[in-house]
Amino acid sequence: MQCVDGDLVGRRLGCQVEGGSLMAAKSSAVRTADLTVAQYAALLPLAQHPGISAAALARDCLVTPQAMTGVLKTLQVRGLIERTAHPWHRRVLETRLTEAGQHALTAADTEAVRIERHLADEFTAEEQDILRALLARCVQAIERDR
């Protein structure tokens, strides 16, 4: 199959890096905890940075603040997070995991880590280091073009 620019889909780096299979596997893994990948991605930094603002969380997850607001509303309705006014900056809402949110994150993360370990097992330690370095360069290139 050819792309709009005439290049073959199989030669595109984006297809090689993602290929859809990793995203599908992670989606399936986090679904066991009744989460979407976007919800899981939001819960991870919340566990590491309790009280983080929605704007900072959006930056952490590489999404727009509007997209993060939608994810947070769903998580709040489900009782997985709570949002309270910052003690000094009343217009800023701090976001924290609830006990139910921590349980959902733990369940989803257990499955996601299993997939990541299975993937890592395909490479030697040296190959993993090389892959991490190459992927870091990919991220840098993407961020330069923003």
Side-chain angles (χ1 to χ4, degrees), residues 1-78 80-84 86 89 91-98 100-146:
M1 181 185 330
Q2 288 194 338
C3 301
V4 175
D5 65 3
D7 199 6
L8 294 177
V9 170
R11 297 216 11 100
R12 292 178 59 183
L13 281 178
C15 295
Q16 296 299 313
V17 171
E18 163 137 351
S21 58
L22 179 58
M23 184 59 88
K26 280 224 174 169
S27 181
S28 177
V30 301
R31 201 174 312 122
T32 63
D34 197 25
L35 295 173
T36 66
V37 173
Q39 292 166 347
Y40 168 72
L43 293 177
L44 273 174
L46 278 172
Q48 296 170 347
H49 308 287
I52 192 171
S53 70
L57 188 58
R59 284 189 297 274
D60 234 22
C61 294
L62 304 175
V63 298
T64 65
Q66 295 84 357
M68 185 53 65
T69 296
V71 170
L72 292 177
K73 281 183 182 179
T74 301
L75 291 171
Q76 189 172 18
V77 166
R78 293 187 51 209
L80 301 179
I81 63 166
E82 59 186 11
R83 302 185 77 198
T84 56
H86 186 279
H89 307 286
R91 295 180 69 192
V92 174
L93 292 177
E94 296 182 324
T95 307
R96 289 183 169 72
L97 291 178
T98 62
Q102 184 61 56
H103 287 300
L105 174 59
T106 299
D109 200 43
T110 298
E111 290 302 307
V113 167
R114 183 184 57 75
I115 291 166
E116 291 169 9
R117 285 190 178 142
H118 181 73
L119 181 62
D121 287 346
E122 293 296 314
F123 300 96
T124 66
E126 182 181 350
E127 288 172 330
Q128 289 179 36
D129 290 341
I130 291 168
L131 181 58
R132 282 188 191 94
L134 292 170
L135 290 173
R137 283 175 48 195
C138 289
V139 169
Q140 290 170 354
I142 289 167
E143 288 177 351
R144 263 195 315 269
D145 286 345
R146 282 189 169 181

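No experiment lies behind these values; they were computed from the predicted model shown. Scope of the values below: all heavy atoms of this structure, side chains included, with no hydrogens, waters or symmetry mates.
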Checklist line | From Thr98 atom OG1 to Glu82 atom CD, the distance as rounded to the nearest 0.5 Å | finding: 7.0 Å
Margin query: Between Arg96 and Thr84, is the side chain to side chain contact (heavy atoms under 4.5 Å, CB included) condition met? List the steps.
Written below: CA-CA 9 Å; Arg96 289 183 169 72; Thr84 56; 4.2 Å; yes
Margin query: Check this for me, if you would: do Glu116 and Lys26 make a salt bridge, where the nitrogen-to-carboxylate-oxygen distance has to be below 4.0 angstrom?
Written below: yes
Check: Taking Ser28 for the side chain and Ala24 for the main chain, is one N or O donor matched with an acceptor at less than 3.5 Å?
Finding: no
Margin query: Rounded to the nearest 0.5 Å, what separates atom OG1 in Thr32 from atom CZ in Arg114?
Written below: 8.5 Å
Margin query: Can you tell me how far apart CG (Leu35) and CG (Leu75) are? Round to the nearest 0.5 Å.
Written below: 7.0 Å
Notebook entry, point to check: Ala29 and Ala112: which non-hydrogen atoms are nearest, and at how many Å?
Noted result: CB-N, 4.1 Å
Let me check something: any side-chain donor-acceptor pairs from residues 49-70 under 3.5 Å, sequence neighbours excluded? List them with distances.
residue	atom	partner	partner atom	Å
Ser53	OG	Ala56	N	3.1
Thr64	OG1	Ala67	N	3.0
Thr69	OG1	Pro65	O	2.9

Next item on the list: Go through the steps for Ile130 and Phe123 under the test side chain to side chain contact (heavy atoms under 4.5 Å, CB included), then give the verdict.
Entry: CA-CA 10 Å; Ile130 291 168; Phe123 300 96; over 6 Å; no
Check: Could you give the distance from CG (Leu43) to CG (Leu72), rounded to the nearest 0.5 Å?
Finding: 9.0 Å
Next item on the list: Find out whether Ile81 and Leu46 are in side-chain contact, i.e. whether some heavy atom of one side chain is under 4.5 Å from a heavy atom of the other.
Entry: yes
Check: Would Arg83 and Gln76 satisfy side chain to side chain contact (heavy atoms under 4.5 Å, CB included), going step by step from the backbone distance to the final call?
Finding: CA-CA 8 Å; Arg83 302 185 77 198; Gln76 189 172 18; 3.7 Å; yes
Next item on the list: Give, for atom CD of Gln128 and atom CG of Leu119, the distance between the pair rounded to the nearest 0.5 Å.
Entry: 8.5 Å
Notebook entry, point to check: With side chains defined as the heavy atoms from C-beta onward, is the minimum distance between Leu80 and Leu97 less than 4.5 Å?
Noted result: no
Next item on the list: Please name the pair of heavy atoms, one in Glu122 and one in Glu127, separated by the smallest distance, quoted to 0.1 Å.
Entry: O-OE1, 4.3 Å
Next item on the list: Can you measure from NE2 (His118) to CD1 (Ile115) and round to the nearest 0.5 angstrom?
Entry: 9.5 Å
Next item on the list: Decide yes or no on side chain to side chain donor-acceptor pair (under 3.5 Å) for Arg31 and Ser27, but give the supporting numbers first.
Entry: CA-CA 6 Å; Arg31 201 174 312 122; Ser27 181; 3.2 Å; yes
